[in-house]
2 protein chains.
Amino acid sequence: MKISFDDPSTALISRKVRPSYQRIKVLEYLIKNQCHPTVDQIFQDLQGEIPTLSKSTIYNTLKLFAAAGLIRVITIEENETRYDILTEDHGHFKCEKCGAIYNFAVDVDALATGDLTGFKVMEKNVYFKGICPKCL
Amino acid sequence: MKISFDDPSTALISRKVRPSYQRIKVLEYLIKNQCHPTVDQIFQDLQGEIPTLSKSTIYNTLKLFAAAGLIRVITIEENETRYDILTEDHGHFKCEKCGAIYNFAVDVDALATGDLTGFKVMEKNVYFKGICPKCL
DNA sequence: ATCAATTCTTGCAATCATTATAAAATTAGA
DNA sequence: TCTAATTTTATAATGATTGCAAGAATTGAT
Ligand SMILES: [Mn+2]
Ligand SMILES: [Mn+2]
Ligand SMILES: [Zn+2]
Ligand SMILES: [Zn+2]
């Protein structure tokens with residue numbers, strides 16, 4: 001799955017988000033690191049580049065990005081929120097051995113039609129758990 | 001979706017879980033309340049019947065039940081873990097207005113085969129978000 | 001029935017992720 | 001430049017979950 005992104009600043013502006021230094025860095029990070037990082041991973045890694053960075057900024061920024069539709073929030077395990085720059089529908093596979101989260105294609109539109117008449121569906125999520133090929 | 005359950009004590013024994021008073025009560029509660037309750041809801045409601053009940057016991061019991069395959073853990077939102085007595089594959093719809101979680105039938109076996117060759121899939125989850133008919 | 005060993009429950013403290021808040025820094029516009 | 005609005009930062013507060021040790025209940029053997 002190869003997807004191209006606008007340059008971070010332009011992407012922010014087009015979503016009505018002001019392109020501050022920190023926001024651009026966080027967005028660049030998410031584009032480079034499509035491994036579904038946690039708040040902590042993002043914070044730890046960016047601290048090198050931005051010594052004054054605060055974890056609050058990461059939380060604020062991710063919340064803002066999610067509200068603007070720039071990113072997707074992934075909650076597979078309790079107490080382990082992850083963030084995904086890929087907003088298109090796709091499934092996630094989490095390896096219970098190594099913890100890695102893989103993307104996979106899934107035809108969500110082919111899913112569930114019957115039981116949900118009268119419901120307004122706004123977001124569809126699919127995730128599997130198991131063991132990845134590396135760990136098998 | 002109507003499903004019948006063994007009597008709680010028998011169900012516990014058949015899963016090698018000792019049927020203590022508290023465990024039976026929690027299991028009965030989950031069978032009666034298939035609304036995907038939180039730890040807090042279970043605790044609050046059972047406190048009436050069991051005045052000495054501790055929240056630790058609820059946590060311990062649910063963890064044990066999940067490990068024994070008696071229940072399923074649902075994490076749709078961060079920081080809001082819910083528990084489901086229905087262990088068969090089915091989808092969940094969460095209403096973002098009223099917070100209710102509905103079950104729906106979903107053919108998980110028809111899902112994703114291609115991308116995941118070489119992966120050992122052990123658990124499949126599908127959840128949607130949106131607005132339920134009552135809230136529309 | 002008694003006793004010791006094991007298991008379970010309880011209460012409380014500790015931890016960890018997330019949110020709230022207010023001051024300091026930055027930015028935008030006049 | 002000056003002022004107002006926005007953003008970042010640091011720190012405190014919250015809330016869910018886990019860890020732990022003592023007490024209670026249960027089991028199995030005598
Ligand atoms: Mn993804
Ligand atoms: Mn369910
Ligand atoms: Zn793995
Ligand atoms: Zn609703």
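In the text below, chain A, chain B and the rest are named by the order of the sequence lines, each starting its count at 1. For clarity, every value in this text was computed on a predicted model and none was experimentally measured.
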| message | With no hydrogens and no angle check, just 3.5 Å: does a side-chain donor-acceptor pair link Thr75(B) and Glu78(A)? | response |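 Per modelled atom types, Thr75(B) and Glu78(A) side chains form no pair under 3.5 Å.
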| How would nucleotides 4-16 of chain D be written as a contact map, 5' to 3', with B for base contact, S for sugar-phosphate-only contact and - for no contact, using protein heavy atoms under 4.0 Å? | --SSSBBB----S
| field | Listed partners of Lys134(B) passing side-chain contact (heavy atoms from CB on, under 4.5 Å), at least two apart | value | Tyr102(B), Cys132(B)
| said: My understanding is that only residues two or more places apart in sequence, or in another chain, count here; which of them pass ring pair (Phe, Tyr, Trp, His ring centres under 6.0 Å) with His92(A)? | reply: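 Checked His92(A) against ring pair (Phe, Tyr, Trp, His ring centres under 6.0 Å); matches are His36(A), His90(A).
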| request: Using salt bridge (charged side-chain N to carboxylate O under 4.0 Å, His left out) as the criterion, list what pairs up with Asp45(A), not counting sequence neighbours. | output: none
| message | Could you work out, with salt bridge (charged side-chain N to carboxylate O under 4.0 Å, His left out) as the rule, every residue matching Lys94(B), not counting sequence neighbours? | response | Glu77(B), Glu80(B)
Under 3.5 Å, side-chain donor or acceptor atoms of residues 48-58 of chain B against the rest of the protein: list the pairs with distances, not counting sequence neighbours.
{"from": "Glu49(B)", "atom 1": "OE1", "to": "Lys25(B)", "atom 2": "NZ", "distance (Å)": "2.9"}
{"from": "Ser54(B)", "atom 1": "OG", "to": "Ser56(B)", "atom 2": "N", "distance (Å)": "3.1"}
{"from": "Lys55(B)", "atom 1": "NZ", "to": "Asp40(B)", "atom 2": "OD1", "distance (Å)": "2.4"}

In whole angstroms, how far is the [atom2] atom of [N] from the [atom1] atom of [X]?
{"X": "Ile58(B)", "N": "dG11(C)", "atom1": "CD1", "atom2": "P", "answer": "12 Å"}
{"X": "Ile42(B)", "N": "dT17(D)", "atom1": "CD1", "atom2": "C1'", "answer": "14 Å"}
{"X": "Glu78(A)", "N": "dT15(C)", "atom1": "CD", "atom2": "C1'", "answer": "15 Å"}
{"X": "Arg82(A)", "N": "dT18(C)", "atom1": "CZ", "atom2": "P", "answer": "11 Å"}

